[in-house]
S.K.: 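One structure, pasted below without further comment.
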Amino acid sequence: MAEIISALKNGSQVKVVYSYMQNISANTSSITASLYVHRDSYGPSYDDSCLAYININGSRAMTYTSGFTVGSSWVHIGSTVTVTVPHNSDGTKIVNIVGYFHSSVTSKLENLSVSRNITLTTIPRASRITASSSSFNIGGSITIYTNRKSASFTHAVNLYFGSYAATLSYDITDSYVWDTSGWASAMYQQIPNTNVGTGTLRLYTYDTDGNVVGYTELSITARVVNSNPSFTGFSYEDVDSNTVALTGDASQIVRTKSNLRITVTGAAAQNYAAVSGYRVQYGSKTVTSSSNVISFGTVSADDSLTVTVVDSRGNTVQQSAALTTIPYSPPAISSVSLSRVNDIEAGTILTCAGTYAAYMLTKNQYSLKFRYKATSSSSWSDYVPISPALDGGSFSFDENIGDFDIDSSFNFEIVASDYYISTTLPALLPTAKPVFSIRDGQVGVNKIPENGALDVGGDVYISGSKAYSDAYHPSADAVGGLRLLRGAVSGTTATQTAYGSIYYSPEINISFGATLPEVPYVLTSLNTNGFGYCNIKSISATGFSVIITNEVSSSDLRWGIHWVAIYES
């Protein structure tokens with residue numbers, strides 16, 4: 001207990017007896033105070049009222065106005081009070097305490113007072129941690145400041161990062177330079193899947209007796225640096241057995257055909273990360289994989305092959321290499337033509353040209369063939385192989401492929417093939433109908449000569465009059481005073497709906513092959529691939545027209561008409 005006492009005034013004094021207790025964590029002191037009065041030995045003084053009070057730290061803490069009795073010994077006036085006073089932020093505090101007593105019963109007890117400033121014991125305060133930077137690269141250094149409240153304080157700094165905790169240093173006064181490289185491994189281990197981690201620095205403050213005054217904390221951000229993964233290199237190969245069989249070398253990559261596979265070797269992550277995947281880019285195509293063996297598929301041009309290794313933090317490293325590929329193009333037929341020997345013979349010349357992929361030729365993986373059919377037939381021949389001449393990647397063929405009926409036209413299909421695909425181009429061989437031909441002492445007009453010295457295909461006029469050959473008169477030139485001309489035609493015609501399931505063709509015009517001296521009477525017979533008949537629509541001196549009615553509703557209506565024209569000579 002302590003006290004403050006006034007000087008004697010007319011033989012009387014007043015005093016305040018006080019004590020205090022401190023709350024370190026709250027930075028406050030609780031002051032307890034009591035007021036006492038006494039006078040000299042001239043006998044007691046008493047009254048029914050007085051004015052007595054205690055002020056603490058500028059505020060009224062106790063007031064007493066009731067009766068009293070004062071003697072030569074100290075008498076307690078009023079009640080004992082306790083007041084909580086906050087300290088300054090540095091823990092210091094000066095408190096003013098005032099005691100007062102007044103009674104008019106005697107001049108000895110008038111206006112007795114005492115006042116004094118009391119310096120309270122300084123409350124130790126925890127220092128406030130700051131740093132030169134709260135964000136740093138792992139492996140770098142930062143400076144930690146204590147901002148201590150007392151020159152007698154010392155400190156310790158603890159690190160809390162993920163599940164890792166460690167004391168960085170003891171006995172720190174004003175600052176500490178933290179070289180994080182000594183703790184880098186432990187910090188990396190806490191953040192294997194991210195490049196940024198957060199933690200806490202805690203600064204403990206100790207007083208001169210080694211007691212913990214308190215602690216303050218600072219949030220920190222640690223960044224991963226210099227931790228990209230690495231790998232030794234990569235290799236690539238064609239794993240398509242077909243193209244490897246053709247090229248004979250798995251390192252040769254055939255465009256659009258080879259199945260490219262990349263193998264990455266020696267991949268390793270750094271600082272407790274893990275290799276999480278691989279990425280291969282070639283041109284605009286990218287393939288990712290969790291395996292170091294990556295199936296990429298086909299490529300279509302020369303380009304750079306870039307391989308990237310990715311770790312669990314998303315960090316990457318890559319290597320590139322130029323990839324030279326073997327061009328591939330499907331076989332192409334640039335031209336094809338068919339012609340008859342001398343334009344009239346049965347012998348036929350096939351001429352064609354085109355290209356193959358060059359390596360198909362070196363590996364003998366190519367072929368050239370054709371098939372044919374009469375244009376009036378629906379059945380094709382077997383394929384006939386032929387051997388073209390080769391020049392680099394080009395081929396050509398110009399040879400006689402055999403005899404074909406001169407009175408018929410033929411559809412051809414020429415097929416160029418390589419290991420993968422075939423290209424087909426159609427061609428037409430027409431009938432041989434020369435306007436004028438000579439052969440071994442024979443002359444042909446509109447045909448190849450077959451009979452006699454002069455063989456004419458069509459009507460013959462002599463001095464303006466038509467001469468008829470036996471070809472127009474199978475029995476005789478005259479039958480009962482009439483002339484008979486016969487012929488046959490065939491074809492394929494689309495049909496249209498007439499009534500329900502009955503279909504009809506457009507008009508079919510049939511020529512006599514000559515101009516007759518008069519309009520004949522015409523008889524017809526019909527052969528067709530369905531049930532039907534033909535109607536004669538019109539007849540003239542040069543021919544006639546018919547419409548075929550049939551049950552077939554398609555463009556595949558096939559028909560044949562035999563006709564006889566009867567007229568007078």
S.K.: Counting only heavy atoms not in Asn211 (residues, nucleotides, ligands), do more than 12 fall under 6.0 Å from its CG?
M.R.: yes
S.K.: Can Arg340 and Glu345 be counted as an ion pair, charged N to O under 4.0 angstrom?
M.R.: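 The answer is no: the pair does not qualify as a salt bridge.
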S.K.: For the residue pair Phe234 and Phe231, categorise the inter-ring angle as parallel (less than 30°), tilted (30 to 60°) or perpendicular (more than 60°).
M.R.: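 Rings of Phe234 and Phe231: tilted, 30 to 60°.
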S.K.: Within the 4.5 Å heavy-atom criterion, are Thr121 and Tyr20 side-chain neighbours or not?
M.R.: yes
S.K.: Would you call the rings of Phe136 and Trp178 parallel, tilted or perpendicular if under 30° counts as parallel and over 60° as perpendicular?
M.R.: perpendicular
S.K.: I want to check something: taking the side chain as every heavy atom from C-beta on, are Leu338 and Ile401 in contact at a cut-off of under 4.5 Å?
M.R.: yes
S.K.: Before you tell me yes or no, could you show the steps for Thr32 and Thr82 under side chain to side chain donor-acceptor pair (under 3.5 Å), namely the whole-Å CA-CA distance, both residues' side-chain angles and the distance that decides it to 0.1 Å?
M.R.: CA-CA 4 Å; Thr32 300; Thr82 299; 2.9 Å; yes
S.K.: If you count the non-hydrogen atoms of other residues, nucleotides and ligands that lie under 6.0 Å from CG in Asn226, is the total more than 12?
M.R.: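 Result for CG/Asn226: open.
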S.K.: For side chain to side chain donor-acceptor pair (under 3.5 Å), just list the numbers for Thr351 and Asp398, CA-CA rounded to whole Å, side-chain angles, deciding distance to a tenth of an Å, and then say yes or no.
M.R.: CA-CA 4 Å; Thr351 302; Asp398 187 10; 2.8 Å; yes
S.K.: Checking Thr205 side chain against Ser127 main chain: does a donor-acceptor pair fall under 3.5 Å?
M.R.: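 Yes; judged by distance alone, with no hydrogens or angles, the pair exists.
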S.K.: Anything under 30° is parallel, anything over 60° is perpendicular, the rest tilted; go ahead and classify Tyr215 against Tyr204.
M.R.: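 Tilted, since the angle between the ring planes falls between 30° and 60°.
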S.K.: Under 30°, 30 to 60°, or over 60°: which ring-plane class applies to Tyr328 and Tyr420, parallel, tilted or perpendicular?
M.R.: perpendicular
S.K.: Which word best sums up how the rings of Phe410 and Tyr372 line up, parallel for under 30°, tilted for 30 to 60°, or perpendicular for over 60°?
M.R.: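 Ring orientation, 0 to 90° scale: perpendicular.
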S.K.: Would you confirm whether Asn55, through its side chain, and Gly58, through its main-chain N or O, come within 3.5 Å as a donor-acceptor pair?
M.R.: no
S.K.: Checking the side chain of Thr146 only, and the main-chain atoms of Asp174 only, is there a donor and an acceptor separated by less than 3.5 Å?
M.R.: yes
S.K.: Looking only at atom types and distance, does a side-chain atom of Asn96 sit under 3.5 Å from a main-chain N or O of Asn57, one as donor and one as acceptor?
M.R.: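 Not confirmed, Asn96 side chain does not pair with Asn57 backbone.
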S.K.: Go through the side-chain N and O atoms of Asp179 and Ser181 and say whether any donor and acceptor fall under 3.5 Å apart.
M.R.: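 Looking only at side-chain atoms, Ser181 and Asp179 do form a donor-acceptor pair, the distance falling under 3.5 Å.
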S.K.: We want to know whether Thr375 and Asn411 form a side-chain donor-acceptor pair, criterion being a heavy-atom distance below 3.5 angstrom.
M.R.: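 Per modelled atom types, Thr375 and Asn411 side chains form no pair under 3.5 Å.
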